[in-house]
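Taking it in order: structure first as structure tokens, then the write-up.
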Amino acid sequence: MIALLLMALQQQPLASRTDTLKAEHNALDYDIQLSLPDTGGHFVGQVQTRWLVGSTEPIHAQLDTVFRVVRVLMDGEVQTRLTRTLYGKEDGLVLIPHRRHAGDTLTTVIRYHGFPRDGLIIGTNGYGARTMFSDNWPDRAHDWLPVQDIPSDKATATFHVETPAGMRAIANGVLLKVDTLGHGRTVWNYRISEPVPVYTFVIGVAHFAVTDLPKAACAIKCVPMSVWAYPEDSAYAVAGPFRRAGDMVDYFSKLIGPFPFERLSHVESTTRYGGMENSTAIFFPEKAYQEKRLTEEVVAHETAHQWFGDAVTEADWHHVWLSEGFATYLSALWVGHADGDSAFRRTMREAAEAATTKNPVIDQPIVNPAIRNIDSVLSNNTYPRAAWALHSLRGLMGDSAFFAGLRQYYANFRDSSAVSGDFAAIMNARAGKDLTWYFTQALTRPGYPKLDVSWKWENTKLAMTIHQTQPDAWGAFTLRGLVIRVDGVDHRVDVEGRETVVNIGGLQAKPAKIEVDPDGWWLLTTAVIGDK
């Protein structure tokens, strides 16, 4: 039976990988050296990469054609057979031929310079101070770094960031040392020893005020934490949105598993997209600080990404709900933990509205292989609707099995990547029953159920008819264990097809109140029409 379930879950689209670029070789580790300018946007970079060779095909390092590649080495030798070809319309590939076999390792070095068009944002913040921040999502790291820019290809990295006088740099991982050069310039050396996706590689350079927070989750694994903000916003950041940042790490560590990295910093940034869950160094948009509207829910969302998105990464962008839906639901759980069940329910009601009546892509599935523009994978489907997919799954499984499954999924795929079928297989096993019908319905179909409930009471018997009235294109939904509450007494029914008839006996009086899914486990709308 388990083998059959696994085979079913490997069918499209739960296990589909439809991103256009595939990894021929595995980048294991990057050593990144950057010399950033005092003025202007021109910088010099050198990236050393250790590769696990997958075939005799050339190494492919993506790099925007705006940069001039001045030197390429392979295992220390200058490459004279280097070729550079266009990839798509604007992106570039540095192709490095080799004579290795699958399973071998080799090291390449690419030295380059130029003015970045994107990916590394060089400018000024709202206070007029110079700033430099990377902004990689979804595949813009290769706009300034020669890398393999694929979410499933995760690597460790070392950063050596040379900055102008008076500026501080943050990058992924732990600060190893700071080297002082002439003319006040400084090299900041960071190392992240856990493999993370390239889109979460990060540098931030600015005039920062840095505040250390108390270490978090020490009952499990102590996590050093800090807040990096512009001096004008530092007091607000520490006393406001990040005042319970350590409590969030405590909560998620107990709920899911140990924090996956050696430290965590919350960083004010001036970028194109704003908030970004970069591994160990989360970026938040400066405007939210200046307008005093950065919320704890946003901080919790980005913090949750350290587990899901960074440590466990979607192997293909079309499965981004494994990152964004998880972070959205976990942030709602944090709200409930911190501020009570009523706050959790309010958060989920707001998410339900965003997932249904205010969802411009409700006619599309959560996992949608038809999407070809990667930027379009982020939507109300992959955030609030995906959060509701998890919430309904929890209702079907029960808390114990659901959270045990979540912890196992994290443990199994930590430092790796997964697709929806991987998650479904684990949750099926934890549930002890076949929930393939649910994953297929929740993730691969559009819409949500709209129920009209009519009823008639006669001689202690209640006869109910549940009509599904959603558009034909959405199909009919299966709702197993749907709760119908009649005058405070719960009755569980299985809804199948466009019309379901339910008979409840033993009632001593005509019902005064009938509620459908009163505890809010399903994403649906209902209308109880009354005694017909």
Side-chain angles (χ1 to χ4, degrees), residues 9-30 47 49-55 57-63 87-88 91 93 102-103 105 119 136-143 145-157 172 192-202 260-261 276-279 305-327 366-369 371-378 382 386 409-426 443:
L9 287 168
Q10 292 309 308
Q11 302 305 308
Q12 300 283 353
L14 288 179
S16 67
R17 298 194 181 199
T18 51
D19 287 348
T20 56
L21 191 62
K22 305 298 181 183
E24 187 72 37
H25 311 285
N26 182 14
L28 301 174
D29 181 77
Y30 292 96
V47 175
T49 309
R50 183 165 57 89
W51 301 87
L52 176 64
V53 175
S55 73
E57 290 295 311
I59 298 294
H60 292 182
Q62 297 166 263
L63 181 64
Y87 175 78
D91 297 337
L93 286 179
T105 60
N136 295 340
W137 196 92
D139 60 345
R140 291 159 51 234
H142 69 274
D143 285 337
L145 292 172
V147 292
Q148 187 158 259
D149 207 353
I150 305 170
S152 61
D153 190 33
K154 303 174 73 169
T156 55
N172 305 97
I192 184 163
S193 300
E194 301 83 8
V196 295
V198 168
Y199 76 87
T200 71
F201 280 11
V202 64
F261 307 115
M276 179 62 200
E277 64 271 14
N278 310 299
S279 305
H305 271 310
Q306 300 296 300
W307 283 263
F308 298 110
D310 295 0
V312 180
T313 305
E314 60 277 13
D316 180 284
W317 283 118
H318 296 86
H319 299 265
V320 73
W321 82 278
L322 293 170
S323 174
E324 298 300 349
F326 278 50
I366 291 174
V367 179
N368 186 5
I371 292 176
R372 289 294 176 262
N373 180 359
I374 294 177
D375 287 345
S376 299
V377 299
L378 298 186
T382 50
Y409 172 65
Y410 171 68
N412 285 10
F413 290 95
R414 177 176 170 177
D415 298 333
S416 184
S417 60
V419 293
S420 301
D422 298 319
F423 175 66
I426 286 176
L443 300 177

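Residue indices begin at 1 and follow the sequence shown.
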Using a 3.5 Å distance criterion without hydrogens, assess whether the side chain of His318 forms a donor-acceptor pair with backbone atoms of Val367. no
Side chain to side chain donor-acceptor pair (under 3.5 Å) filter on Glu277, not counting sequence neighbours, yields none
Rounding to 0.5 Å, atoms OH (Tyr199) and NZ (Lys154) come to a distance of 8.0 Å
Contacts of Ser323 meeting side chain to side chain donor-acceptor pair (under 3.5 Å) (sequence neighbours excluded), chain-then-number -> His305
Check: Do Tyr30 and Leu145 come close enough that some side-chain heavy atom pair is under 4.5 Å?
Finding: no
Sub-3.5 Å donor-acceptor pair from the side chain of Asp149 to the main-chain atoms of His142, do we have one?
yes
Open item on the list: Could you check whether Thr200 and Ser279, counting side-chain N and O atoms only, form a donor-acceptor pair closer than 3.5 Å?
Closed with: yes
Tightest non-hydrogen contact, residues Asp422 and Phe413, listed as CB-CZ, 3.5 Å
Please lay out, stage by stage, how Gln62 and Leu93 fare under the test side chain to side chain contact (heavy atoms under 4.5 Å, CB included). CA-CA 5 Å; Gln62 297 166 263; Leu93 286 179; 3.6 Å; yes
For Ala386 and Gly325, the nearest pair of non-hydrogen atoms, with its separation, is CB-CA, 3.6 Å
Verdict with supporting geometry, Leu443 and Leu14, side chain to side chain contact (heavy atoms under 4.5 Å, CB included): CA-CA 8 Å; Leu443 300 177; Leu14 288 179; 3.6 Å; yes
dist Ile150:CD1 -> His60:NE2 (nearest 0.5 Å) comes out at 10.5 Å
Test item: Asp375 and Pro138 side chains (from C-beta on) under 4.5 Å apart, heavy atoms
yes
Output for pair (Asp29 CG, Arg50 CZ), nearest 0.5 Å, gives 5.5 Å
Do the side-chain N and O atoms of Thr382 and Glu324 include a donor-acceptor pair separated by under 3.5 angstrom? no
Taking every heavy atom of Pro197 against every heavy atom of Gly309, the minimum-distance pair comes out as CG-O, 3.9 Å
inquiry  = Let's go through Asn172 and Phe201 carefully: what are the C-alpha distance in whole Å and the side-chain angles of both, what is the deciding distance for side chain to side chain contact (heavy atoms under 4.5 Å, CB included) to 0.1 Å, and is it a yes or a no?
reply    = CA-CA 7 Å; Asn172 305 97; Phe201 280 11; 4.1 Å; yes
Could you check whether the rings of Tyr410 and Trp307 sit parallel, tilted or perpendicular, using 30° and 60° as the cut-offs? tilted
Nearest heavy-atom contact between His25 and Ile59 is CD2-CD1, 3.7 Å
Exercise. Parallel under 30°, tilted from 30 to 60°, perpendicular over 60°: which one fits the rings of Trp317 and Trp137?
Worked result: perpendicular
In this structure, CD of Glu194 is separated from CG of Asp310 (nearest 0.5 Å) by 11.0 Å
Here the gap from Asp139 atom CG to Gln148 atom CD, rounded to the nearest 0.5 Å, amounts to 12.5 Å
Report yes or no: does His319 contribute a side-chain atom to a donor-acceptor pair with the main-chain N or O of Ala418 at less than 3.5 Å? no
Residues Leu28 and Thr105: closest non-hydrogen pair is CD1-CG2, 4.4 Å
Of all heavy-atom pairs linking Ala311 and Phe261, the shortest is N-CZ, 4.1 Å
- Task: Taking Asn26 for its side chain and Leu52 for its backbone only, find out whether a donor-acceptor pair lies under 3.5 Å.
- Result: no
Practice problem: Hey, can you tell me if Phe326 and Tyr409 have their rings parallel, tilted or perpendicular (30° and 60° cut-offs)? | Solution: tilted
